[in-house]
6 protein chains.
Amino acid sequence: MRPDGREPLQLRPIHIETNYVKHPEGSVLISVGDTKVICSASLEDRVPHFLRGEGKGWITAEYSMLPRATEQRNIRESSKGKISGRTMEIQRLIGRALRAVVDLEAMGEKTLWVDCDVIQADGGTRTASITGAFVAMVLAFDKVNQQAKFSSFPVKQFLAATSVGISKEDNVILDLNYIEDSSAMVDMNVVMTGNGEFVELQGTGEEATFTHNQLLEMLDAAKTGIQSLIQHQKDALGDIANRIQLGDE
Amino acid sequence: MRPDGREPLQLRPIHIETNYVKHPEGSVLISVGDTKVICSASLEDRVPHFLRGEGKGWITAEYSMLPRATEQRNIRESSKGKISGRTMEIQRLIGRALRAVVDLEAMGEKTLWVDCDVIQADGGTRTASITGAFVAMVLAFDKVNQQAKFSSFPVKQFLAATSVGISKEDNVILDLNYIEDSSAMVDMNVVMTGNGEFVELQGTGEEATFTHNQLLEMLDAAKTGIQSLIQHQKDALGDIANRIQLGDE
Amino acid sequence: MRPDGREPLQLRPIHIETNYVKHPEGSVLISVGDTKVICSASLEDRVPHFLRGEGKGWITAEYSMLPRATEQRNIRESSKGKISGRTMEIQRLIGRALRAVVDLEAMGEKTLWVDCDVIQADGGTRTASITGAFVAMVLAFDKVNQQAKFSSFPVKQFLAATSVGISKEDNVILDLNYIEDSSAMVDMNVVMTGNGEFVELQGTGEEATFTHNQLLEMLDAAKTGIQSLIQHQKDALGDIANRIQLGDE
Amino acid sequence: MRPDGREPLQLRPIHIETNYVKHPEGSVLISVGDTKVICSASLEDRVPHFLRGEGKGWITAEYSMLPRATEQRNIRESSKGKISGRTMEIQRLIGRALRAVVDLEAMGEKTLWVDCDVIQADGGTRTASITGAFVAMVLAFDKVNQQAKFSSFPVKQFLAATSVGISKEDNVILDLNYIEDSSAMVDMNVVMTGNGEFVELQGTGEEATFTHNQLLEMLDAAKTGIQSLIQHQKDALGDIANRIQLGDE
Amino acid sequence: MRPDGREPLQLRPIHIETNYVKHPEGSVLISVGDTKVICSASLEDRVPHFLRGEGKGWITAEYSMLPRATEQRNIRESSKGKISGRTMEIQRLIGRALRAVVDLEAMGEKTLWVDCDVIQADGGTRTASITGAFVAMVLAFDKVNQQAKFSSFPVKQFLAATSVGISKEDNVILDLNYIEDSSAMVDMNVVMTGNGEFVELQGTGEEATFTHNQLLEMLDAAKTGIQSLIQHQKDALGDIANRIQLGDE
Amino acid sequence: MRPDGREPLQLRPIHIETNYVKHPEGSVLISVGDTKVICSASLEDRVPHFLRGEGKGWITAEYSMLPRATEQRNIRESSKGKISGRTMEIQRLIGRALRAVVDLEAMGEKTLWVDCDVIQADGGTRTASITGAFVAMVLAFDKVNQQAKFSSFPVKQFLAATSVGISKEDNVILDLNYIEDSSAMVDMNVVMTGNGEFVELQGTGEEATFTHNQLLEMLDAAKTGIQSLIQHQKDALGDIANRIQLGDE
């Protein structure tokens, strides 16, 4: 039995509230259990220096937590004057994951800024950020598409992420909350597309190791979880999901 | 007529949702029109270096905006590696205002960290932060008071803040939204207590000046607005407002 | 009786030495009692990014203290690698105050850099900086005006600043020195023009509050002080004050 | 055929020169093809703040490249004043990987600092760093063990790392050099122990995705490569490898 | 003939005004021609970490220029967030030079902070800083000595500094002003004691070289200049110079 | 007798391995006793801002030490986020020294970046860096010259550097190792050309002073050492030394 009474392969309750803030082109408030993240997608009409004149777009992500999103208050990274390694890892991961399902040529020379701000944390903030950021991105592209049609809609596939792990009792578990995450032997973040391919896979033994069979079992659990998350994304997007004809049908 | 149809001395709609996030001792989501701020109050069992052994507490505030709280996306201060002058001014103001109505001796050697994170901005973010932070602070003190009684409840007075100004049409207006703020001749932030005394008063001619009579007229408008804001605070606090016997009755 | 024997509404002795350093277009050494500030005004033939092509000028101020301007040596902000909130507040205030009495269009696309460096501090460094910076600015504009006439002289009004407060004995006092400032209940900085209008007003209860009547009494005191300071500015400017026909006559 | 003529599953030539620099407790110069890294292991008699009094040790890694380790000169991170996200990711990975095969209790309250400085880069610098750092670590523990016996030798398993990927021609390849890495569809870093378990697995589609079968094929390739790398480590360690009775026999 | 009409081996006019600011234990305003530096000496009752418990003192210097000390306004190092290489070189030089003539044991566990702030620059700011800082240091030690006698007066020798160089016309010249400094082939700073020994010697060919004979000629010029500077120091110190029995008689 | 058995005026063994790393245009590994430095020279086809359009080149140097180049591990400057005063002094010295023997006009609008990375330190790292950097620079210019002839070969003179000092036993000694350097009374770095002229001379009494005669004796020792170092440079350069007809014959 898990600390919050879930089955080993059961996700926490998911809610995705679209257009949560008014200024960004796309935004959501995603809740995965007690983990809550505001994801905003902002389109800017230029690309970073290294892409100028290439005729393609770019996607970049930033991630942050409010100081008291966690049990103990954290010092702001703006006060420290620098961004932690953990933050950098996460924001690089989010950006890379989104770029994998986007046709950057179809974007034209635009940059999509994705901001994931965790307002309440209970484990799995990076995977919730990816799952929410995908929806915010689709909303932003859809909004801009209505004003000035893209050559084709830039998003090629659905995309979601979850965590799997091996608990200290040696069970494979899905969607770890903070307590589980702190004590797990192995922790793996999996990012997959709507057609069941991998985009990113990061498995780490925490002062521990894992076997080939345990790996396969964790990947199966992740796949089930991600299919369910993508269904929630489709529900949240409603007509937009149908209209844009994503390639996973 | 004002851009959003209000009367000159009419506040925007106010909502204060208490206990908005689960980890902090006290928290609110305050909305003043389209301006929305998450205010969290965290109590820590130690004081800054300069107060050690003095037997009194300290209150410090931090303020930030999500990058896309505004019409144009702002670069994060953590990415820039430093905090802007504007942010510093605001967080110093919030901390100073709260300290003016708190009995620091009654707190004991504790620090109250107040975090004001603007998730949507439409003018008046600093005054909304003060008004919301006061409620979060009372909630935090109340929660701690239930576990380990303070010698006396540390909050002495209600406290709220609003802005007043002189519009480009030369009218005194209350609670400026972003459009009004951008074009006002004079902008004044007023922080007052429940018994009608001033805590802070910051009036600035924006490449303009103002007369003694205009000052008096603005102060009257501010007073009316603040009385209304304090009523909203009392409603949000419910029984806690009654129980703690604030000194303004 | 005040610590240095002054009457409640008496200013400290004022001296303004013009052209104190040779390189800047305008400079003064201003002494207000034992507070001494070197104010330099430098004109640069370009404007910040946000004003390019607008056909108007800009004024920006920087403020600093020598490490041993104070009783205890302070660590340099260059050594700390960042500017304190207090410094930012002060330099923003100085710049804003000067801009309120200058016709930025008449300046053309130039930036005036005002540097206020406190070499000895005894309270009131920010208001002494404004009073001195005004004179340095007029000297700089006059010097440039002799070489290449402005369309009209850019300075519209005299401008000076002083502090008022409520002492711990509950008296309204003018021009607080360091000892008074440290113990005052209320501290207010007032910036006014030669024709008696307000430019900036910053009143703060230091863990205290103040009433409407106390506010009015403090404003009266400030007004008297500022009239006297402006007379010192005129004396220091000599013929330049007459020639430039400021709008306060 | 690969750019340098290798078979798809062939490693580049490996050389490990032990005790390459004189001051560190352990050091190697590892060459994997043209990638050359100096790995130093330094033991310090204290642990970070969060571990004081816990009776266990800590391992932390730092990674850097000489500015001209690469085809184009890179700006030093010390000149930029901050460490890039890529550097942070790599040094966190190296530290985590080493900690997975060390008995931190057996270390006592010591910190092992591992410095990986790339003097020439041709792809695979992070996996070469892990493979070399493991040897430097064993040398350092062995040296200290000779002076003051550990309760048991702290290293539990051999550990090495390599990269695998899917080339743009859709082949699974082992140990990618820089040219291959730049054009690969998928890039995966694998860290394994001497007994064939995973420590870390980081697979990334570069604007691409990969299937379950491709994943299995890449893991097979990685396993073969790592067994060969561990044989090179044993050869480099000589008697030390035998004497310390690592748990993989 | 030199730009300002001096003979090749003639110093500029020297003025040393003692006790220029009121808070520091010792201070001077030194003028060497148009170069003007405020030198302050502050004594603190503790030593840096690396000297604790050693029973000896430390001397450390900081150097800065007001932004408009120069013909073109310089950006403040506090705004840049870091100290330039030039500033670091100079402040290390000043500290090292002063330490060479002080008996650090006689100081006890105290730190002398020397601040050299250039308010007007016309070449030779680092040598003027050393010459002025020496006087400020003696004043500070004398003041503290009157309150709490040192075991012996800590200053062992007089100390002054000047620059010499080879002009573009190939003449050896003494005490270069800014114009001469900018065009000189060779520039050498010399720090000497009252008994004619060298403390520091820094000679640099500016995209040029110099011979052994030129070196000897420059050293002769420097020696003459330094003797004259030390006479000015003695005049400024008055009785203090006599009373303290410096070792150069 | 010296700690390592050398005569007072005997250099340590010198080795210069050319083309030590493959990417830079020129590189060496120089060993002076146990001091080992990788020197790389990189040519870039543009010049710093202040030289654009002047038709001449620039040379700039950077210096760093691996953390465990020394007996005690040093914190990386990239981790500290800033470069120390010592590092800045050294890299400014290296750049200035190289520029003194190069015809910057002959370079055209190119920048030569010289990186000196100390992998093992035993005293004299800055002088070893200059001696090695000179060879790396000549190799880089030679390589570029073969592809696109310079108007004339930019290097005018050989250049090398060494240290001399006065030991605590009051002897003049050449090429101080770390132990000697730590205890020396006087330490002097000398940079000279192949035709025996001075480029840079930095002599420092370490809480001590030195006489004119001691200076002359140290300069003689330095001259002998530098002649020997230049012979090693010629041997390392082989034909390149002959072909390029440096001006010292």
Side-chain angles (χ1 to χ4, degrees), chain C residues 19-29 31 33-46 60-84 87-88 91 111-122 133 136 140 178, chain E residues 19-29 31 33-46 60-84 87-88 91 111-122 133 136 140 178:
Chain C
N19 302 315
Y20 183 69
V21 273
K22 76 169 187 178
H23 294 302
E25 281 70 34
S27 70
V28 307
L29 171 64
S31 309
D34 275 348
T35 290
K36 298 187 182 187
V37 188
I38 299 176
C39 304
S40 298
S42 305
L43 267 156
E44 186 189 20
D45 273 329
R46 55 176 198 168
T60 194
E62 292 191 357
Y63 167 96
S64 187
M65 286 210 282
L66 296 204
R68 198 60 195 283
T70 48
E71 184 52 38
Q72 301 297 316
R73 187 181 181 276
N74 292 299
I75 301 174
R76 287 173 195 268
E77 296 189 330
S78 57
S79 300
K80 291 188 204 161
K82 62 179 177 181
I83 293 173
S84 72
T87 294
M88 288 214 194
Q91 53 197 26
T111 296
L112 186 82
W113 292 85
V114 174
D115 289 292
C116 298
D117 286 89
V118 179
I119 62 175
Q120 195 170 277
D122 186 26
Y178 179 70
Chain E
N19 301 315
Y20 182 69
V21 271
K22 77 169 186 175
H23 295 301
E25 281 70 34
S27 70
V28 307
L29 171 64
S31 309
D34 276 347
T35 290
K36 296 186 183 188
V37 188
I38 299 176
C39 303
S40 297
S42 304
L43 266 155
E44 185 188 24
D45 271 330
R46 55 176 199 168
T60 193
E62 292 191 357
Y63 167 97
S64 187
M65 286 210 281
L66 296 204
R68 198 60 196 282
T70 47
E71 183 53 38
Q72 301 297 316
R73 188 180 181 276
N74 291 299
I75 300 174
R76 286 175 196 267
E77 296 189 331
S78 57
S79 300
K80 290 190 207 162
K82 61 180 180 181
I83 293 173
S84 72
T87 294
M88 288 215 194
Q91 53 197 25
T111 297
L112 187 83
W113 292 85
V114 175
D115 289 291
C116 298
D117 286 90
V118 179
I119 61 175
Q120 194 170 275
D122 186 28
Y178 180 70

Ranked by heavy-atom pairs below 4.5 Å to chain C, first place among E:E77, E:K82, E:E44 goes to E:E77

Tell me which of these, E:K80, E:Q72, E:E71, has more heavy-atom pairs under 4.5 Å with chain C than the rest. E:E71

Can you tell me how far apart CD1 (C:I119) and CG (E:L29) are? Round to the nearest 0.5 Å. 8.0 Å

Testing the basics here: between [X] and [Y], what is the closest heavy-atom pair and its distance to 0.1 Å?
X     : Y      : answer
E:V21 : C:Q120 : CA-OE1, 3.3 Å
C:A69 : E:H23  : O-CD2, 2.8 Å
C:S78 : E:I83  : O-CG1, 3.6 Å

Which answer fits E:T70, side chain, backbone, both or neither, if we ask what part of it has an atom under 4.5 Å from a heavy atom of chain C? backbone

At a 4.5 Å cut-off on heavy atoms, which part of E:E25 comes close to chain C: side chain, backbone, both, or neither? both

E:E62/C:R76 salt bridge by N-O under 4.0 Å criterion: yes

Pairing donors with acceptors under 3.5 angstrom, does anything connect the side chains of C:S42 and E:R68? yes

E:L66 and C:D115, any side-chain heavy atoms less than 4.5 Å apart: no

